[in-house]
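One structure below.
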Amino acid sequence: MTTTAVTATDTYRPTRTFTFATEFRRQASRRRTQLALGFMVVLPLIILIAFQLNSNDNSNSGRRRGQFSSLVDLATAGGLNFALFTVFVSASFLLIVVVALFHGDTVASEASWGSLRYLLAIPVPRGRLLGVKLAVSLAYSGLAMLLLLATALGAGTLRYGWHPLRSTIAGDIASGEALLRLLGIMGYLAVSLLVVAGLAFLLSVATDAPLGAVGGAVLLQILSSILDQITALGAIRSFLPSHFAQAWLGLLSTPIQTDDLVRGCVSALCYGVIFFGLAWWRFLRKDVVS
Amino acid sequence: MPSSIPARLRRALPRVRLTRRRVIAGSAVLVLLVGLVGWAAWPTPAGYRTEDRMIAVKSGPNGDQDITLDTRLYLPTSADARNRVPAVLLAHGFGGTKLDSATDAQDLANHGYAVLTWTAQGFGRSTGQIHLDSPDWEVKDAKSLVDWLAARPEIRQDGAGDPRVAAIGGSYGGGLSLLLAAYDQRVDAIVPMITWNDLARAFLPDAAGGSPENGVFKKQWAGLFFGSGGSLGAGPGAGLAGLGGAPDAGQTSGGPNPGASQGAGGRNRGTPPAAGPSAAPGGSAGRNALGQVAADPPAARAQCGRFALDVCQAYLEMATAGRPGPAGLDLLRRSSPASVIDKIKAPTLLIQGEADSLFPLSEADANAKGIAANGTPVRVAWFTGGHDGGQGPQSDQDRNKFLTAQWLDHYLAGKGSKPQNSFTYSRISGIDASGEGLVAAGFTVTDYPGTTGTKSEQISVSGPPQAAANPPNGNPAAISSLAGAGGATSLVSGLSTEVPGQHADFYSAPLTKATDVTGSPTVQIKAASPTGEAVLFVKLYDVDANGQPTLPNGLIAPIRLTGLPAGIDQATPTTVTLPAIVRRFEDGHRIRITVSASDQAYTTPAEPTVYTIAAGGPVTLPMAPGTPIQNPSVIWRYVLFGLIAVIAVALVVVTALSRRRLRRREKTEDGYAQTPLVVRGLRKEYADGFVAVSRVDFTVERDTVVGLLGPNGAGKTTTLRVLMGLTYPTHGEILVFGQRLRPGAPVLSRVGALVEGPGFLPHLSGYTNLQLYWKSTGRPEAEARFEEALDIAGLGTAVHRKVKTYSHGMKQRLAIAQAMLGLPELLVLDEPTDGLDPPQIAEMRKVLRRYATDGRAVLVSSHLLAEVEQTCTDVVVMHRGEIVASGLVDDIVGDSPSVQLDVSDVDEAENVLDKLGVVRSVAWSGGNGLVVDLDGTPRSEVVAALVKAGIGVDRVVPRRRLEDAFLALVGGDTKASGER
């Protein structure tokens, strides 16, 4: 038996432990992952149905007023517009919650189940554990965003057809370019959501309560948005993590306005680096006592 | 340990205990934050001081009229008689006061210039009347101010009575700066902004080239100005002031001027608020006085307000007849730089707005050409604001500010290199995504090309001749711009409207490429009119692919044609110079030339007529392609690229370093390579200062089952946590097979563990959990020995149910099975029998005994004496974070020399035993119990002695060594050394 034991040791490689695929499978089996991804598919369909109901009694309710109605009117102009509308309504809150969920829950839930200590005792190197966890969380966040866009595009195109993107500020944008711009918007949102991701991940490492990590990240984002409304803060607002959250609208104008996009990316990357760096620093030194 | 709800809650909330390190770190962060916020919010200390004073000047044609000007001087703090500074005269827009340009004045003062701002006569608290920048009045005032500056000791002088001074200002103030430079050669540089060249042409334009005598009256703008300067105040107050019989309307100090609230800045739009009815627009005055100022002084005051009578008269005439009188025209010309343009020798920076229906780009063009003809340095800049567009986007404001500072620095302060003569302009490129205004792109052209561009393209427009009706009295009329509405309204395509039947449209074919127009397009049209005359408005629309037309900046070209034939066949083409624009016409868009018979902003013939309009020739589009000016925010792109590069490099380096560290072979300490576990001098102090383990040393050899025994809180779990690499030891070390153990040490792969209860993914089955766990180790599946492990777990088919449905005992067994996966050489089990029922406990003992063969070892922690006694070969007893006993169980267990006696009379028994003299010690153990150390004396002898003494013996219980050791050391004190 001694020989067996020696062989067993020799097959251990730190770099082969806890692979991306394993973690992806572990997370895929979780109800919250399935629900979050499922919601990304269902939401565009709900919006689509809501539009259908609305258009039926449109004649009775008469003309709708306000900016929202123009968004609604444009939303049904084609698949691209519908997808844009869906992204618009989900960018400010839904995506933040989803990203916070994937990142805030990942380490904290393992800690609360007690499985974290067994992973560390395998041993999975701590840096690697975080790396894989983060990669999988990022992958699921990206997947969620892509699912949302793909479903909205698919459903919208089936219902309203494939037309150029209509925009109130830039006239029509040809379908091919509009699709690229939509992808660009998703890309920018992905980068700007790194702030939420980083914060949730940091909290996830710091606490054993998954809900605390997710909620904390969302709350701080809300606080930042509220502070951003207060113009009296002046230049300080530029340092708020959510200050450039709307910069992706620059991709809808012609020509594309990249100034705020670039600054938004810089801001998000800086915050991301700080938060992720802190998370690593904390976790590599942490006593895992849960 | 199963966590209770309160314990979980406590863990979920951060346990904040103030340690020195935390206090220091927290304070540092706080100080940093406060510092950052403070730095951002701290007001910059003013580098200047201000002096407000009323300055009396002599004015008027003969220089004998007393005027008091309300002034404010901004002096840089460094300025004094030894350190003299150049001065800037900063004039305000029409209807404004000295306070309007406060921000610009402060900027310039901080930049090292003395700035003198003043309220022009006829406005605010200054006395006098509005003479429209007349050389006899306002210009003379300004000359007096230059004299005043010459007498100030802080101002740099070029010679006796000749201060180093520049004149800058927007609109009304810009006109003044031009005129002052022409009339006072002491002025060293001027920066006129959004201002006029010929006031007559500005208010009476004719884009077909006609002179102002026959121009089309710009009634909306004229009325606006007359209204803002005409009334003493807004609303009823003005009337009361008039009735109160103030001797001279001009002398009333009048409180805050309605125009004072206009935005600050040199490019003051000079647009008054819409409040209050104009004192005397056309209507009643026209009927009563036929364009004459009323003879009665109070009536004249009501009609003219603070306007000088000649100005008032000129307006009344023009507004009544729609044409200027000779006196009025003469007055406007005298107030125009055009009349004295050849006298301007001061280097001139002309900044003109593209969104300006009052003083269009052509006014600056005329100024530029006129001044440059004298050999004077001239530079021209166009920005996207103006009287209609305001200050323009931030990029434009920054450019204007920069150009001004550069100009003054060189020509006034004598610093910096000579500014280039290049022409800069900007083009609206879209709506700002953040919803805060517009975005403009700037361009540079080496030489000023004028409004005709550096090259041009011709686009033909076509359409049949069309009839356009002139509405009686100009109502209803088309709308192109709303004078004084300001802001970005001109961009909204819905603003400009045409009245059906009153216009003719001529379309071009869709453009095949995007065309950037910079300058004045020209077009030829033909017109016929039954009266022989026509007032027409020619416009160039940008029509997008959906047919949505946009009138760039709401600019139109009014023309008055005379000598027209009645039929269109006889008409000859007229060339119309359209207003200069800067616009990109996108690919696929069409150009529409619209000729309409009416416009709200202009006076049109009152008689209804029907004109016939036909296209007369192609549209010439001037272009001036330039080099794009890099937006300052471009720097952020480099920041972004740099950041990405740094992050990428850092990631690569960190990954490489950690990989190398992982690959490094651990050194094995000699002599311990075959020892599963050596713990040496282990100490663990938690971050909050609590010492869980103060000093622990023990060894686990192969083929042994070692029990770690101790009451709750003795430090067993803490020791195991360090052993599993979950926490960092404070002192001491742990060797596993001779390798030092740190968190994540590879040697941990030879250790299987159950620490602090099971930890599984609750939503997965037991089997899947084990499989995923093994996958996480990255080792081959064959090594896992699933079958053996599952046998030990003994869960049967339940192994395929979800873990959350398991009982505590089932989870515990699954956890033991997980620890045994791969048959690790060292098995560490923390309270393994927790939750198991007696048969399972018995089974588990056998399993563990069997496991610790073939060179493997087991370390079991427990707080149950019997447990350890029955399972283990060796035992280590812990109490309060220290080892109190250790050795072979057989050595420690077995008969101990002491016995527990329950007697009827404890005190008597003690006496008897003491007298007996053969026992080593007697101790009361509560109740009727005595613990007696027999020291080799047979138990029967002791019992006999007690019975003989008449003491009843209820029980005689032999004690074992481990229990003795445990109880003696732990004593009755089962309190934990601390909680964890």
Side-chain angles (χ1 to χ4, degrees), chain A residues 1-2 4-5 7-9 11-19 22 25-26 29-31 113-127 169-172 207-209 212 234-236 246-247 249-250 252-255 257 259-260 262-263 265-266 269-270 273 287-290, chain B residues 11-12 14 37 40-41 429-434 439 544-546 631 633 636-637 639-640 643-644 647 658-659 662 686 721 724-728 743-746 748-751 753 755-764 772-773 775-780 783 818 822-823 825 854-856:
Chain A
M1 281 302 271
T2 315
T4 320
T7 338
T9 317
T11 54
Y12 168 79
R13 293 281 178 280
T15 48
R16 269 189 225 151
T17 57
F18 200 62
T19 54
T22 310
R25 234 188 94 191
R26 280 161 58 97
S29 67
R30 299 187 56 186
R31 189 72 68 203
W113 294 329
S115 47
L116 179 62
R117 53 178 181 270
Y118 293 103
L119 289 175
L120 292 178
I122 280 177
V124 180
R126 289 194 180 189
I169 52 175
D172 287 5
T207 175
D208 299 349
I236 300 175
Q246 301 281 309
L249 289 170
L252 294 181
S253 71
T254 302
Q257 294 165 26
D259 289 354
D260 272 0
V262 170
R263 290 172 68 186
C265 283
V266 170
L269 283 179
C270 285
V273 165
D287 283 341
V288 177
V289 291
S290 52
Chain B
R11 244 179 267 151
V37 172
S429 58
I431 295 174
D432 185 27
S434 56
V439 175
D544 71 14
N546 290 340
N631 191 321
S633 52
W636 287 105
R637 282 185 211 172
V639 172
L640 180 61
L643 191 61
I644 290 172
I647 291 174
S658 62
R659 287 219 160 200
L662 287 179
Y686 282 104
R721 275 181 191 156
M724 296 325 300
L726 299 177
T727 60
Y728 290 79
L748 276 171
S749 64
R750 294 166 79 175
V751 183
V755 184
E756 284 189 277
F760 293 109
L761 278 58
H763 53 278
L764 295 179
L772 280 178
Y773 172 79
K775 266 195 181 306
S776 303
T777 68
R779 289 159 63 182
E783 283 179 15
Q818 176 178 291
L823 300 180
E825 291 164 87
D854 300 324
R856 288 182 298 231

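First the proteins, then the strands, lettered A, B, ... as listed; each starts at 1.
- Using a 4.5 Å cut-off between heavy atoms, B:A745 touches chain A through its backbone atoms (N, CA, C, O) alone.
- For A:P123, the side-chain contact (heavy atoms from CB on, under 4.5 Å) test picks out A:Y12, B:L748, B:S749, with sequence neighbours left out.
- Pairing each heavy atom of A:L269 with each of B:L640, the nearest pair is CD1-CD1, 3.7 Å.
- Listed here is the closest heavy atom pair of A:A121 and B:M724: CB-CE, 3.7 Å.
- Contacts between A:T19 and chain B at a heavy-atom distance below 4.5 Å are absent for every atom of the residue.
- Highest contact tally toward chain B, considering only A:T15, A:T17, A:V262, A:I122, is held by A:I122 [criterion: heavy-atom pairs under 4.5 Å].
- Heavy-atom distances place the side chain of A:V273, and not its backbone, under 4.5 Å from chain B.
- For B:Y728 against A:D287, the heavy-atom pair with the smallest separation is N-OD1, 3.0 Å.
- Heavy atoms of B:L643 lying under 4.5 Å from chain A belong exclusively to its side chain.
- You'll find the side chain of B:T727 stays beyond 4.5 Å of the side chain of A:V288, heavy atoms only.
- Only the side chain of A:R126 comes within less than 4.5 Å of a heavy atom of chain B; its backbone N, CA, C and O stay farther away.
- Listed here is the closest heavy atom pair of A:R25 and B:K775: NH1-CE, 3.4 Å.
- With chain A as the partner, the residue from B:R637, B:H763, B:R659 showing the most heavy-atom pairs under 4.5 Å is B:H763.
- Between A:R117 and B:V755, the closest heavy-atom pair is NE-O, 2.8 Å.
- Looking at B:F760, only its backbone comes within 4.5 Å of chain A, counting heavy atoms on both sides.
- The parts of B:T777 that come within reach of chain A are both its backbone and its side chain, each placing non-hydrogen atoms under 4.5 angstrom from that chain.
- The minimum heavy-atom distance between A:Y118 and B:Y773, with the atom names listed, is O-CE1, 3.8 Å.
- For a residue to count as touching a neighbouring chain, one of its non-hydrogen atoms must lie under 4.5 Å from one of that chain's; by this rule B:L764 touches chain A with the side chain only.
- The shortest side-chain heavy-atom distance between A:D259 and B:W636 does not fall under the 4.5 Å cut-off.
- Environment of CZ in A:R30: crowded, with over 12 heavy atoms of neighbouring residues, nucleotides or ligands closer than 6.0 Å.
- A:F18 pairs by the side-chain contact (heavy atoms from CB on, under 4.5 Å) definition with A:E23, A:R26, A:L119, A:V124, A:L129, A:V132, A:K133, B:S776, not counting sequence neighbours.
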